[in-house]
Amino acid sequence: MEEQYQFAHIEAKWQEIWRVAGASQVAEHATKPKFYALAMFPYPSGNLHMGHVRNYSIVDVIARFKRMQGYNVLHPIGWDAFGLPAENAAIKNQRPPGEWTWSNIENMKSQLQSMGISYDWQRELATCHPGYYRFTQWIFLEFYRHGLVYKKKAAVNWCPSCSTVLANEQVVDGACERCETVVTKKDLEQWFFKITDYAEALLADLEKLPGWPEKVKTMQRNWIGRSEGVEADFHITGRSESIRIYTTRVDTMFGVTYVVLAPEHPLVRALARGTAYEDQVLSFIEKMKGLNEITRTSAETEKEGLFIGQYCQNPLSGEQVPIWIANYVLLEYGTGAVMGVPAHDERDFEFARKYALPFPTVILAPDKPLTAKDQELEAAYSARGLMVNSGEFDGLDSEEAWDRMADALEQRSLGMRKVNFRLRDWLISRQRYWGAPIPMIYCATCGTVPVPEDQLPVLLPDDIVFKAGENPLTTSASFVQTVCPVCGAAARRETDTMDTFMCSSWYYLRYTDPRNQDLPFAKDQVDYWMNVDQYVGGVEHAILHLLYSRFITKALRDFGYLQIDEPFENLLTQGMVCMDGSKMSKSKGNVVSPEEIISRFGADTARLFILFAAPPEKDLEWSDQGVEGCFRFLNRTWRLVHQTREAILHAGETPGQLDDAAREMRRQTHVAIQRVSNDVGVRFNFNTAISAIMELINAVYHYKEVPDASPAILRETVEAILILLAPFAPHITEELWEQLGHAGGIHNLTWPALDEDALKQDEVTIVLQINGKIRDRLQTPADMGVEALEAQVRALPKIQELTQGKTIVKVITVPGKLVNIVVK
RNA sequence: GCCGAUGUGGCGGAACUGGCAGACGCACGGGACUUAAAAUCCCGCGAGCCCAAAGCUCGUACCGGUUCGAUUCCGGUCAUCGGCACCA
């Protein structure tokens, strides 16, 4: 009776052996090419979920494959350990957030280890460890030193439920991306990172990332939102000030019939002061303040506005136009003021129709007759066309007029070309405890003073009170009260902590030198390992994490700490793990726990299924039966080795003379080597790689029953199966490799080389078509010439019958594949 | 509204450069083994015409085009998903 596949025993055995041996530890290497494989590090929520399993299985296959190909592979893991859930748990349990976090890390670490992933555990890091966040603070200070951090009072996004501010990127559909509470606006003094200084570079360098999915690059482009336009001054009639507007359609400037300011625009109150309009204006402003962000900025909200009693002058036409305020103009974008061109802008059109403002046409559609009356317009015309009613610019094409009018404004010093971005500066302050404290001190005499580098880290205090709705750091007297590093007087510490995205924007750099006590990373190490050759994670980070990381990398490069322009060479965004058509989530109750699957079938089965069920970038539908199928496959592999083991152990070194069946078996082995190498190494289609191995197993099951099956060929095939399968199912293959009498470990082998000669076939099947429709098939020698083949095909009775009475127009022959006879 | 992606059997998916549509797996059906069941092994499995076979016809969301030949290329339509959305 043959031995059973005891996955639990085998997996525990090899995990211990690998752990003791430090099997995946790496250091810089003088000659081997390096490869940096990275999965987005997890938040220590407490338990691994299937999304993690998928993410880490994908990267592990890549890492193991690259190792076998001779690369020096860095494959690290760590914990994105700061954040709100720990703090909420602290409030609930009245225990410190660190306690919750570290015990979660411990638990998830053992779950991760049960998956048999080839991490270099020596490099493990956690962002909540003082040895790490010390350098998060260090980076903050570097940015401060270089003028890329500033503090300003602004109307910021506030999540009432999380009681903290949020970055623009963390507001999704007007709600908090974490808890989905509707975000409000609050005027607060906050710390910002000047990501907008890098807007142009962040946009332009997307071109340097051919290894990124187009989808992610498009999302970043949209988020950065570059637009080319003109700023122009409309002089306010009877006053000294001007209103500066921003427009991308300077060519429509002769069609301006009003100018609109955002209600919050600083000029508004001044312009209304003491006029008959003042009361109305003030109450309109109040009304706008009361609206939440979603209704305020939604395109569906009806446009609403108010004339404020003043006029200004069109800088090009000289015309007087009324000044309005309206809800659809945003203070934060451009100059907070726009010109209204109802005939050529959809929004202005809607607004003008509501308030009976005129809409003169200044650009004619190419096919539109000049007779069309302005008031009969049914919609704004926003495309290019012929300039009319535009003074000296009449008759020009609108695109040419754009440049001429911009020139005219610049010459008269009434305006200038301006590039605008939708991207705003990154708000990094958080009114929370469980994050890296912002290393700044407020002194009554010296002002805002950075904490000196040698005083880092600014440690999180323990003497705090956790209460909902309050920043816990403000309750720690020992933390708040400090001395000024400049003058030594009593001073107050900054009590805000940093956005956790700050911590996760540089962790991939720390892995290259994780225990450095003096610097976030040493130059030679970071230069050796960076950049990340393959990064894998969920598409939900397309903007937040991936944009911030690119920014931090570029800035650190400019400070002289890095040589790279971009952190992540290749990016793979994996799909979600779904069940019953929707993403597995606790709230939907459709979760399958990795722990349960691993205990029932083993880690190898779990890994294999999650890689086999779908290509990595697509969503994956969970199937319990599919898991069982993969388990069956591994059992089949196990039995195959045990059934052929005796023959293999006694096989001679050389196969000798091969018969047809042996040659065909050998061919199939090398077809599989070719396919798996390409699918894993080039295409990242792990599902088809696994299919190819399954096919090879099916083939050898038949071959081993053939009389006189060659033991040497059996050995080559079975060993190839194990090696090809090793990156996917590391434990079972390691065990079976040992059982076949090999020492030294399957994962230390070199990836099998392809024997091109073995792929050659003596005979091939040729498809015979008439007018493109398949009529027959023909076995021919593989090396048959085109003419001989065509002659043979024409002579076939079936082909003769089908072409009888018709004229053969031409014959198309694809050697080794098909012959198509075109008849009339 | 704009941008991007996707659409193939009962299901997950394959077909890499325009050349045998449906590999591989799941489910299902049949058979072998077994006292029996499980496990395992073998065979079948897009639809229609047909008792069946041989054979023929249709078939990759829909309509059309290019081509000897289209799941693949081009134009249009529809549907689903994702991102952005009063950004001037």
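Chain identifiers are assigned alphabetically (A, B, ...) following the order of the sequence lines, protein sequences preceding nucleic acid strands; residue numbering begins at 1 within each chain.
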Measure the distance from CD on A:Glu628 to P on B:A38 and round it to the nearest whole Å.
-> 14 Å
Take A:Asn157 and A:Lys185 through the test side-chain hydrogen bond (donor to acceptor under 3.5 Å, both in side chains) and record every step on the way to the result.
-> CA-CA 5 Å; A:Asn157 304 305; A:Lys185 285 283 178 186; 3.2 Å; yes
Test of ring centre spacing under 6.0 Å for A:Trp324 and A:Phe351 = yes
Taking the same atom, C1', in B:C81 and in B:C24, what whole-Å distance lies between them?
-> 27 Å
Find the distance A:Ile697:CD1 to B:A23:P and express it as a whole number of Å.
-> 19 Å
Side-chain N,O (A:Asn687) to OP1/OP2 (B:A23) below 4.0 Å = no
Report yes if a donor N or O on one partner sits less than 3.5 Å from an acceptor N or O on the other, where the partners are the side chain of A:Glu346 and the base of B:G1; otherwise report no.
-> no
Check every strand shown and say whether A:Asn820 touches a base, only sugar-phosphate, or nothing at a heavy-atom separation below 4.0 Å.
-> base
Among the nucleotides B:C41, B:C84, B:C3, whichever has the atom closest to the side chain of A:Thr218 is B:C3
Would you mind calling B:G83 syn or anti? Take O4'-C1'-N9-C4 for purines or O4'-C1'-N1-C2 for pyrimidines, and syn is within 90° of 0.
-> anti
Base partner of B:U72, which must satisfy Watson-Crick or wobble distances under 3.5 Å | none
Whom does B:C84 pair with, Watson-Crick or G-U wobble, provided both distances fall under 3.5 Å?
-> B:G1
Closer than 4.0 Å, any side-chain N/O of A:Lys303 to the OP1 or OP2 of B:C86?
-> no
Nucleotide opposite B:C58 in a Watson-Crick or G-U pair, distances under 3.5 Å | B:G46
Mind checking A:Asp348 for me? I need base, sugar-phosphate or nothing, with any heavy atom below 4.0 Å counting as a touch.
-> nothing
Using atom CZ of A:Phe633 as one end and atom P of B:A23 as the other, report the distance to the nearest whole Å.
-> 17 Å
Under a 3.5 Å cut-off for both distances, is B:G18 Watson-Crick or wobble paired, and to whom?
-> none
Same-atom distance (C1') from B:G29 to B:C45, integer angstrom | 8 Å
At under 4.0 Å, does any side-chain N or O of A:Arg683 touch on OP1 or OP2 of B:A15?
-> yes
N/O (side chain, A:Arg632) to phosphate O (OP1/OP2, B:A27) under 4.0 Å | yes
Describe the nucleic acid contact of A:Val338 in one word from base, sugar-phosphate, nothing, applying a heavy-atom distance below 4.0 Å.
-> base
What residues in residues 616-624 of chain A put a non-hydrogen atom under 4.0 Å from any atom of RNA chain B?
-> A:Asp619
Residue closer to the 5' end of RNA chain B, A:Lys817 versus A:Gly626 (nearest nucleotide) = A:Lys817
Base paired to B:C26 (Watson-Crick or G-U; both N/O distances under 3.5 angstrom) = B:G10
Base, sugar-phosphate, or nothing: which does A:Gly629 touch, judged by heavy atoms less than 4.0 Å apart?
-> sugar-phosphate
Given B:C56, B:C68, B:A15, the nucleotide with the shortest approach to the side chain of A:Val822 = B:C68
Nearest-neighbour nucleotide for the A:Phe612 side chain, B:G13, B:C3, B:G12 considered = B:G12
Give a yes/no on whether any side-chain N or O of A:Lys773 is located under 4.0 angstrom from OP1 or OP2 of B:C58.
-> yes
If each of A:Asp345 and A:Ala613 is mapped to the nucleotide of RNA chain B with the nearest heavy atom, which maps nearer the 5' terminus, i.e. the 5' end?
-> A:Ala613
Measure from the side chain of A:His702, starting at C-beta and using heavy atoms only, and say which of B:G13, B:A88, B:C42 lies closest.
-> B:C42
Can a side chain N or O of A:Arg639 be found less than 4.0 Å away from OP1 or OP2 on B:A39?
-> no
Selected nucleotide, minimal atom distance to A:Arg636 side chain, candidates B:C86, B:C20, B:C41 = B:C41
Indicate, with yes or no, if the rings of A:Tyr355 and A:Tyr258 have centres closer together than 6.0 Å.
-> no
Which nucleotide, in any strand shown, forms a Watson-Crick or G-U wobble pair with B:U67, with both distances under 3.5 Å?
-> none
Please work out if A:Ser227 contacts a base, only the sugar-phosphate, or nothing of the nucleic acid, heavy-atom cut-off 4.0 Å.
-> sugar-phosphate
Look at all strands and tell whether A:Arg221 reaches a base, only sugar-phosphate, or nothing, counting heavy atoms closer than 4.0 Å.
-> nothing
Are A:Lys354 and A:Glu302 within salt-bridge range, i.e. N to O under 4.0 Å?
-> yes
Mind checking the C1' distance from B:U66 to B:G75? Whole angstroms is fine.
-> 11 Å
Do A:Arg550 and A:Gln220 get their side chains close enough for a donor-acceptor pair, meaning under 3.5 Å?
-> yes
For A:Tyr333 and B:C84, give me the distance from atom OH to atom P, rounded to whole Å.
-> 17 Å
Is the cationic atom of A:Arg249 (NZ for Lys, CZ for Arg) positioned less than 6.0 Å from the six-membered ring centroid of A:Trp402 and within 45 degrees of its normal?
-> no
Give a yes or no on whether the ring-centroid distance for A:Phe601 and A:Phe7 is below 6.0 angstrom.
-> no
How long is the line joining NZ of A:Lys215 and P of B:C3, in whole Å?
-> 17 Å
At under 4.0 Å between heavy atoms, what does A:Arg226 touch on the DNA or RNA strands: base, sugar-phosphate, or nothing?
-> nothing
Does the side chain of A:Asp425 pick up a donor-acceptor pair with the side chain of A:Thr196 at under 3.5 Å?
-> yes
Residue pair A:Arg424, A:Glu169: steps toward the salt bridge (Lys or Arg N to Asp or Glu O under 4.0 Å) verdict | CA-CA 9 Å; A:Arg424 309 290 153 76; A:Glu169 288 80 5; over 6 Å; no
Quick one: label A:Leu818 by what it contacts on the DNA or RNA (base, sugar-phosphate, nothing), any heavy atom closer than 4.0 Å.
-> base
Pairing of A:Glu617 and A:Lys215 as salt bridge, 4.0 angstrom limit = no
Between C1' of B:G55 and CG of A:Leu802, the distance in whole Å = 12 Å
Does A:Arg675 put a side-chain nitrogen or oxygen below 4.0 Å from OP1 or OP2 of B:A14?
-> no
Rounded interatomic separation in angstrom, taking CD from A:Gln220 and C1' from B:G4 = 14 Å
Establish whether the base of B:C84 is bridged to the side chain of A:Asn222 by a donor-acceptor pair shorter than 3.5 Å.
-> no
Closest listed nucleotide, where the reference is the side chain of A:Asn678 and the choices are B:C16, B:G19, B:C20 | B:C16
Round to the nearest Å and state the distance from A:Tyr701 atom OH to B:G25 atom P.
-> 12 Å
Interatomic distance, CZ@A:Phe234 vs CE@A:Met339, rounded to 0.5 Å, equals 6.0 Å
By salt bridge (Lys or Arg N to Asp or Glu O under 4.0 Å) - contacts of A:Arg226 (at least two apart) = A:Glu200, A:Glu228
Sugar-phosphate, base or nothing in reach of A:Gln625, heavy atoms under 4.0 Å = sugar-phosphate
Give one of base, sugar-phosphate or nothing for A:Val329, where a contact means two heavy atoms less than 4.0 Å apart.
-> base
